[in-house]
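What you see is a predicted model, and the numbers here were worked out from it, not measured in a lab. Order of listing sets the numbers, starting from 1, for every ligand and every atom in it.
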Amino acid sequence: MKSTENELFAGKVAFVTGAGTGIGRATALAFSSRGASVVIADVAEETLQETAQLIEKQGGHSLAVVCDVTQEKQIKMALDKAIDTFGRLDYAFNNAGVEQPKAPLADIEVAEWDRIINTDLRSMFLCMKHEIPLLLSQGGGAIVNTSSGAGVKGIEGQTAYAAAKHGIIGLTKSAALDYAAQNIRINAVCPGFIDTPMMDRFSGGTEEGRHEVISQEPIGRAGKPEEIADAVIWLCSEASSFIVGHALVVDGGQTV
Ligand code: NAD
């Protein structure tokens with residue numbers, strides 16, 4: 001990496017949820033390698049600590065906070081710790097989420113619907129509710145929320161997940177309008193099939209399942225978590241300074 005890229009986010013602080021594995025981990029590492037201090041949050045402590053070690057190994061600074069994004073108090077506490085430790089917040093990547101086991105709508109229990117909507121959609125509201133005042137207090141910043149290909153098209157057997165991911169785009173666009181004039185840019189990223197533990201669970205972890213998933217990708221392969229991280233970094237950087245309320249599809253052509 002060129003030294004100017006190393007310094008892209010020097011002195012800045014990023015908050016990343018779902019940072020224990022997959023897209024969140026890759027993005028936390030990407031923020032760190034560009035000079036940001038990173039507050040990494042996840043409900044799973046063991047993998048979160050592994051991410052912290054990876055950041056340390058590449059010479060970065062992180063604060064690991066165990067945080068369940070369905071719990072408002074835990075989000076507030078994580079952000080309070082971020083300010084206590086690093087003194088500021090510049091970027092937030094609201095990314096934690098869970099997949100929905102495939103099922104037609106009438107077979108989804110109400111508790112399952114609530115679990116997915118709470119984890120994948122309500123959490124984005126809660127995170128932004130507590131991040132935005134911190135960004136406002138220092139004159140601005142950038143937020144990226146993780147939606148999905150399921151946020152831009154319907155998917156059979158995925159009503160709860162697709163409702164949450166479509167909801168994230170409406171939430172993102174409207175929040176972006178609320179704060180555009182106050183120098184906070186809020187955007188979403190919509191990944192296609194990305195090689196992460198979530199994809200392993202979704203595909204059943206078999207060669208056959210993997211092949212079936214990849215066959216839906218015109219590019220002929222699954223995406224890498226780093227390819228989503230690059231999009232998030234761009235959406236947080238000055239290179240995208242006129243991009244507001246956009247849902248950026250990064251999906252190898254899956255939803256084209
Ligand atoms: P992943 O399962 O590897 O990572 C998700 C992380 O979120 C995990 O570390 C998990 O512990 C954490 N998490 C789950 N529930 C949480 C909670 N309540 N509080 C805090 N953390 C919690 O999955 P991933 O593929 O990296 O997914 C990241 C995001 O990308 C999700 O929002 C997912 O819906 C979205 N996405 C993934 C794909 C894909 O193909 N992998 C495609 C489109 C969208």
Side-chain angles (χ1 to χ4, degrees), residues 15-30 39-52 54 64-79 92-101 114-127 144-153 155 158 160-169 171-172 188-205 209-210 212-214 216-217 219 221-229 231-232 247-252 254-255:
F15 178 65
V16 178
T17 72
T21 55
I23 293 167
R25 172 180 285 178
T27 308
L29 285 162
V39 181
I40 51 175
D42 202 293
V43 75
E45 185 166 11
E46 204 177 314
T47 47
L48 187 65
Q49 290 305 338
E50 284 171 17
T51 302
L54 290 170
V65 190
V66 176
C67 167
D68 179 345
V69 295
T70 65
Q71 304 300 313
E72 182 178 9
K73 275 192 187 148
Q74 293 188 28
I75 294 169
K76 170 93 172 59
M77 224 165 63
L79 289 164
F93 180 41
N94 301 317
N95 162 77
V98 288
E99 70 278 14
Q100 178 198 336
D114 289 346
R115 180 182 74 89
I116 290 164
I117 299 295
N118 282 342
T119 314
D120 291 358
L121 176 59
R122 184 174 172 273
S123 68
M124 299 279 166
F125 159 70
L126 292 177
C127 284
V144 179
N145 298 318
T146 303
S147 176
S148 167
V152 296
K153 71 188 278 278
I155 300 192
Q158 290 291 298
Y161 186 75
K165 294 298 186 179
H166 273 71
I168 289 170
I169 294 180
L171 178 71
T172 298
V189 67
C190 305
F193 287 113
I194 310 299
D195 224 336
T196 69
M198 180 182 285
M199 184 177 142
D200 287 343
R201 292 190 298 273
F202 190 73
S203 66
R210 206 181 146 74
E212 195 187 316
V213 165
I214 290 174
Q216 296 170 49
E217 280 289 2
I219 203 167
R221 64 172 176 85
K224 298 179 220 148
E226 292 76 16
E227 291 174 307
I228 304 303
V232 177
L248 180 61
V249 173
V250 185
D251 75 346
Q254 187 202 352
T255 57

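Less than 4.0 angstrom separates some heavy atom of Ser147 from each of these atoms of ligand 1: 44 (C). For ligand 1, the atoms lying closer than 4.0 Å to a non-hydrogen atom of Pro197 are 3 (O).
Nearest protein heavy-atom contact of atom 23 (O) of ligand 1 is Met198 CB, 3.2 Å. Among all non-hydrogen protein atoms, the one lying nearest atom 26 (O) of ligand 1 is Ile23 N, 2.8 Å. With respect to atom 20 (C) of ligand 1, the closest heavy atom belonging to the protein is Cys67 O, 3.1 Å. Among protein heavy atoms, the minimum distance from atom 36 (N) of ligand 1 is reached at Tyr161 OH, 3.6 Å. For atom 35 (C) of ligand 1, the nearest protein heavy atom (residue, atom name, distance) is Thr146 CG2, 3.6 Å. The nearest protein atom to atom 9 (O) of ligand 1, hydrogens excluded, is given as Asp42 OD2, 2.6 Å; this is a heavy-atom distance. The nearest heavy-atom contact from the protein to atom 28 (C) of ligand 1 is Asn95 OD1, 3.4 Å. The shortest contact between atom 21 (N) of ligand 1 and any protein heavy atom is with Val43 N, 3.3 Å.
The N/O atoms of Ser148, backbone and side chain alike, include none that comes under 3.5 Å of an N/O atom in ligand 1. Considering backbone and side-chain atoms together, Thr21 places an N or O closer than 3.5 Å to an N or O of ligand 1. Residue Val98 has no N or O atom closer than 3.5 Å to an N or O atom of ligand 1. Taking only nitrogen or oxygen atoms, main chain and side chain alike, Ala19 does not reach within less than 3.5 Å of ligand 1.
The shell of residues lying under 4.0 angstrom from ligand 1, judged by heavy atoms, includes Asp68. Residue Ala222 places no heavy atom under 4.0 Å from ligand 1. At a 4.0 Å cut-off, not a single heavy atom of Arg25 sits close enough to ligand 1 to count as contact. In this structure, Ala150 does not count as a contact residue of ligand 1, since none of its heavy atoms falls inside 4.0 Å of the ligand.
At a 4.0 Å heavy-atom cut-off, ligand 1 does not touch Glu99 at all. Contacts of Ser123 with ligand 1, taken as heavy-atom pairs under 4.0 Å, are absent altogether.
Taking each of Gly18, Gly97, Gly24 in turn, the one with a heavy atom nearest to atom 14 (C) of ligand 1 proves to be Gly97.
For the 3.5 Å distance criterion, the side chains of Asn145 and Thr172 qualify, holding a donor opposite an acceptor.
In this structure, Thr255 contributes its side chain and Asp251 its backbone to no donor-acceptor pair below 3.5 Å.
Under the 4.0 Å criterion applied to side-chain N and carboxylate O atoms, Arg221 and Glu227 are assigned as salt-bridge partners. Between Asp195 and Arg210, at least one side-chain N (NZ, or NE/NH1/NH2) sits under 4.0 Å from a carboxylate O, which counts as a salt bridge.
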